[in-house]
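What follows is a single structure, written as structure tokens, with notes after it.
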Amino acid sequence: MKHARDIRVLSGVDKAAILFLCLGEKRGSALMQQLDEFDIHKITVAMSSLGPISSEMVEAVITEFMDGVEGGGSIVGSFEMAERMLAGFLPEEKVAEIMREIRGPLVGRNLWENFSALNEQVIANYLKGEHDQTVAAILTRLRAETAARVLPLLGLDRMAAVVERMMALESVPRHVLEQLEETVQQDFLVSAARRTGPDPQQRMADLFNKMDNTVFEGLSERLEQNASEAFGAIKQKMFTFDDLIRLDANSLARVMRAAEGNSLPLALRGARKEVRDRFFDSLPARSREMLIEEMANMGPVRSRDVQVAQSALVDQAMELARQEVIRLPMDEDDLLLE
């Protein structure tokens with residue numbers, strides 16, 4: 001918060017932004033219409049970054065508004081306030097353009113989402129020259145399905161080393177995270193985000209859930225040897241596609257009914273026989289016949305598409321469990337008997 005003694009550090013644009021905030025959305029918008037686009041941009045930048053402004057500061061900057069603030073009132077400069085004011089006289093597209101530019105590289109939640117959207121080979125090539133700890137910090141902030149595709153491209157030895165660091169990584173110091181985001185921002189993206197999951201073990205469990213089964217099996221052998229305790233704790237939090245067969249028939253049927261598009265037949269095309277049979281047994285005869293026919297008519301399918309479809313069913317099951325529609329058995333002894 002800026003106080004009156006800091007008035008000398010305020011620029012003319014900062015003071016103009018405070019005036020606009022005091023005028024409010026309606027009058028501020030009307031006045032801003034009289035400015036050219038360059039001045040609008042400068043004032044909006046200042047307005048977006050002011051934060052809380054004390055009444056003392058307001059009095060020192062614009063004494064003619066003293067009667068309106070001497071009762072202890074204060075104003076707040078924010079992105080939302082600036083955006084609403086601009087919306088009073090500019091087209092929606094122009095407002096969005098200005099606010100995107102103002103938000104800059106280190107505001108919002110877009111950096112890691114945009115980075116996650118890159119091709120996995122591009123990400124892997126970028127990470128190959130980085131230290132294992134840096135790679136671990138970056139991968140923990142990507143979408144689980146993206147990290148699961150990137151890791152195998154690093155090679156088994158390095159993948160195991162990075163995953164061990166990811167499992168041990170609880171938090172990244174703020175200054176280190178800022179440097180990391182700035183580096184990624186400069187190399188690739190326009191927007192950034194800072195988000196760390198509340199449970200590092202669950203974060204790793206989600207990543208392993210998204211990983212190709214063959215890759216996961218190969219990695220598991222290394223992790224069992226080198227980090228058995230941490231890996232064991234993470235496995236307790238995992239829930240995979242094959243785990244769906246431990247649901248009771250009604251719950252499994254609910255998951256299948258919630259499947260979208262062709263995700264169900266696609267997921268079962270790549271499933272083990274005992275898994276497929278469990279799914280089939282949970283359906284009425286007519287529905288089972290239709291599903292088998294749909295699977296037969298699909299033709300060849302890509303393993304990656306199967307993996308995505310199976311992940312989608314697991315996600316659907318997790319969502320139904322969060323809604324308390326079904327209950328997930330989360331360990332081997334938690335079987336539901338019929």
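Positions are given from 1, in the same order as the sequence printed here.
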Minimum heavy-atom separation for Ala137 and Leu180, please, with both atom names. CB-CD2, 3.9 Å

Can you pull the ring pair (Phe, Tyr, Trp, His ring centres under 6.0 Å) pairs that have at least one residue in residues 131-151, sequence neighbours excluded? none

Salt bridge or not for Arg278 and Asp281, using N-O below 4.0 Å? no

Nearest 0.5 angstrom please: Gln307 CD to Arg149 CZ, how far? 10.0 Å

Does atom CD of Gln323 have more than 12 heavy-atom neighbours, drawn from other residues, nucleotides or ligands, at distances under 6.0 Å? yes

Close side-chain approach of Arg158 and Leu151, heavy atoms under 4.5 Å: no

How long is the straight-line distance from CZ of Arg257 back to CG of Leu283, given to the nearest 0.5 Å? 9.0 Å

So which heavy atom on Ser282 is nearest to which on Ala253, and how close? O-CB, 3.8 Å

Applying side chain to side chain contact (heavy atoms under 4.5 Å, CB included) to Ala227 and not counting sequence neighbours gives Glu164, Met167

Under the side-chain hydrogen bond (donor to acceptor under 3.5 Å, both in side chains) test, which residues partner Asp277, sequence neighbours left out? Lys273

Considering all heavy atoms, the nearest Ala136-Arg165 contact: CB-CB, 3.8 Å

Applying side chain to side chain contact (heavy atoms under 4.5 Å, CB included), can you list everything that pairs with Val306, at least two apart in sequence or on another chain? Leu266, Val301, Gln310

side-chain contact (heavy atoms from CB on, under 4.5 Å) between Gln133 and Leu169, intermediate numbers included: CA-CA 9 Å; Gln133 190 71 12; Leu169 187 63; 3.6 Å; yes

Separation of Leu313 CG from Glu260 CD (nearest 0.5 Å): 10.0 Å

Of all pairs that satisfy ring pair (Phe, Tyr, Trp, His ring centres under 6.0 Å), the ones with a partner from residues 265-295, not counting sequence neighbours: Phe241-Phe279

Connected via hydrophobic side-chain network under 4.5 Å: Leu153 and Tyr126: no

Identify, with sequence neighbours excluded, every residue that meets salt bridge (charged side-chain N to carboxylate O under 4.0 Å, His left out) alongside Arg222. Asp157

Per the ring pair (Phe, Tyr, Trp, His ring centres under 6.0 Å) rule, what does the pair list look like for residues 281-300, sequence neighbours excluded? none

Compare all side-chain heavy atoms of Leu223 with those of Ser228 and state whether any distance is below 4.5 angstrom. no

Sorted by chain and residue number, the side chain to side chain contact (heavy atoms under 4.5 Å, CB included) partners of Val215 (sequence neighbours excluded) come out as Pro152, Met159, Met211, Asp212

Could you list all the side-chain hydrogen bond (donor to acceptor under 3.5 Å, both in side chains) pairs where at least one residue sits in residues 288-298, not counting sequence neighbours? none

So CD of Gln316 and OG of Ser311: to nearest 0.5 Å the spacing works out to 13.0 Å

In this structure, would Ile245 and Met318 fall into the same cluster of hydrophobic residues linked by side-chain contacts under 4.5 Å? yes

same_hphob_cluster(Val308, Met298) at 4.5 Å side-chain heavy-atom cutoff: no

Test of understanding: clusters of I, L, V, M, F, W, Y form through side-chain heavy atoms closer than 4.5 Å, transitively. Do Leu244 and Met295 belong to the same one? yes

Can you tell me which residue among Leu139, Val135, Asp132 is in a side chain to side chain contact (heavy atoms under 4.5 Å, CB included) with Met166? Leu139

Name all pairs fulfilling the salt bridge (charged side-chain N to carboxylate O under 4.0 Å, His left out) condition that reach into residues 303-320, sequence neighbours left out, sorted by first residue then second. Glu120-Arg304, Lys210-Asp315, Arg302-Asp305, Glu319-Arg322

Taking ILVMFWY side chains as joined if any heavy atoms are under 4.5 angstrom apart, and letting links pass through other members, which residues group with Met290? none

Ser263 versus Ala259, closest heavy-atom pair with distance: OG-CB, 3.6 Å

Note: Ala267 and Ala309 closest approach over all heavy atoms is N-CB, 3.7 Å

Closest non-hydrogen contact found for Ala271 with Arg276 is O-NH1, 2.6 Å

Under the side-chain hydrogen bond (donor to acceptor under 3.5 Å, both in side chains) test, residues paired with Glu274 that sit two or more places apart: Arg272

Report the distance from atom CD of Glu221 to atom CG of Asn226, rounding to the nearest 0.5 Å. 11.5 Å

Is Leu264 linked to Val325 within one hydrophobic cluster, defined over Ile, Leu, Val, Met, Phe, Trp and Tyr using a side-chain heavy-atom separation of less than 4.5 Å? yes

As an exercise, state the distance from CD1 of Ile123 to CG of Leu142, rounded to the nearest 0.5 Å. 5.5 Å

